[in-house]
Amino acid sequence: VSSDRSARTTAALGVATGVAFAVLVVLGLAVAPPDALQGDAQRIMYVHVPSAWLAYLAFAITAIASVLYLLPRTRAGRWDHLAGASAEVGVVFTGLTLATGSIWGRPIWGTWWEWDARLTTTAVLFFLYLGYLAVRRIGGTQQARGVRSAVVALVAFADVPIVHFSVTWWQTLHQEATVFNRDLDVRITGMMAFALVWGVVAFTMLYVLLVRLRARLAALEDGLEERELEQAIRDRVGAAAPSMAGATQ
Amino acid sequence: VSDAGFVAGAWTLAGATLALYTGWLVRRLARAERSLGRGGASGEEPR
């Protein structure tokens, strides 16, 4: 019953996310006005900025779930599954952040890529979490994998504040934050602000949906692995039993 | 390439990536559920 309810919740979330993205397309491409300086190219921000924020959130959730897995009192497979799922979705969002930022940079900065502090630290973040996903695939028991991955996740998370504050600390090409800046002075208003907030809501819904699916998949894969292992042990015991019986006669 | 071209490129790339990733996850999940049989696996946890 709870499995059916859960499947219905996932389906409803999927539909709601689809509607939220359809509205975002209308808001970002048609309703919000073009930027006074950047013109229409600024519309890329409605996918670039939510991707970046959700990548931060995804890696923060991975870090929290990793701590919960490392603590003996709260250790449970679901925290490991959540950590892995959130990191994978975070890598997708970070990749999108880099790609959409690069496409925006060409008309606005005149270059696809610059070894600027924000861009470089974000690229490092992307590769750190790709490494984390690779570490998750190294063999061993589920607990060994969980502990090893959790430690790597906490080390990788150290780059997240560096990415965020890079525009303040080094002030290279990338502009300072429009919303979460030093003075908390939100430099966006009206329909542009609404479209940005809507984008964050739509991306958050998608994040929740994707993490639910990915964590469920991780749990099923672990279950499958366990079942295969039990079957292999049964086969081995079954194969050994007749020869043992023969040996005692 | 005009600004509209860059905007269309960025939005299409984002939409296509997210749709492909979602579809890939759903397909893998359906395959894993078929392999285990719904609700009977050890290690299963509520969605």
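Note on naming: letters A, B, ... go to the chains in the order of the sequence lines (proteins, then strands), and numbering restarts at 1 for each one. Reckoned from all heavy atoms, side chains included, excluding hydrogens, waters and symmetry mates.
- Looking at every heavy atom in both residues, A/A41 comes nearest to B/D3 through N-OD2, 3.8 Å.
- With chain A as partner, the option from B/A4, B/A10, B/S2 having the largest number of non-hydrogen pairs under 4.5 angstrom is B/A10.
- For residues 191-211 of chain A, a heavy-atom distance under 4.5 Å to chain B picks out A/F203, A/L206, A/L210, given by residue number.
- Looking at every heavy atom in both residues, A/A87 comes nearest to A/F59 through O-CE2, 3.7 Å.
- Across B/T17 and B/L13, no two heavy atoms sit closer than the pair OG1-O, 2.6 Å.
- Annotation: residues 42-58 of chain A contacts chain B through A/R43, A/I44, A/Y46, A/V47 [non-hydrogen atoms, separation under 4.5 Å].
- A/R78 is not listed as a side-chain neighbour of A/L82, based on a closest heavy-atom distance of 4.5 Å or more.
- Atoms CG and CG, from A/L229 and A/L224 in turn, are 11.5 Å apart once rounded to the nearest 0.5 Å.
- A/R234 CZ: more than 12 foreign heavy atoms inside a 6.0 Å radius.
- Counting heavy atoms from C-beta outward, A/R212 and A/T9 have side chains that approach closer than 4.5 Å.
- Side-chain atoms of A/F21 and A/T17, non-hydrogen and from C-beta on, do get closer than 4.5 Å to each other.
- With chain B as partner, the option from A/V25, A/D40, A/T100, A/L29 having the largest number of non-hydrogen pairs under 4.5 angstrom is A/L29.
- A/L217 contributes atom CG, which lies 8.5 Å from atom CG of A/L213 (distance to the nearest 0.5 angstrom).
- B/S35 touches chain A through backbone and side chain together, each having a heavy atom under 4.5 Å away.
- Of all the listed residues (A/V92, A/L96, A/V89), the one sharing the greatest number of non-hydrogen pairs under 4.5 Å with chain B is A/L96.
- Between A/G223 and B/L36, the shortest heavy-atom contact is C-CD2, 4.1 Å.
- Residues of residues 103-112 of chain A lying within less than 4.5 angstrom of chain B, judged on heavy atoms, are A/I103, A/R106, A/P107, A/W112 in numerical order.
- Within the 4.5 Å cutoff, the side chain of A/L133 has no heavy atoms near those of the A/Y129 side chain.
- Taking both residues in full, the closest heavy atoms of A/T62 and A/S86 are given as OG1-CB, 3.3 Å, listed atom of the first, atom of the second, then distance.
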Check: residues 20-28 of chain B side-chain donor-acceptor pairs under 3.5 Å, at least two apart:
| unit_1 | atom_1 | unit_2 | atom_2 | d |
| --- | --- | --- | --- | --- |
| B/Y21 | OH | A/E88 | OE2 | 2.6 |
| B/T22 | OG1 | B/L18 | O | 2.7 |
| B/R28 | NH2 | A/E221 | OE2 | 2.9 |

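- Looking only at atom types and distance, the side chain of A/R145 has no donor-acceptor partner in the side chain of A/Q142 under 3.5 Å away.
- Atoms CD and CD, from A/E228 and A/E230 in turn, are 11.0 Å apart once rounded to the nearest 0.5 Å.
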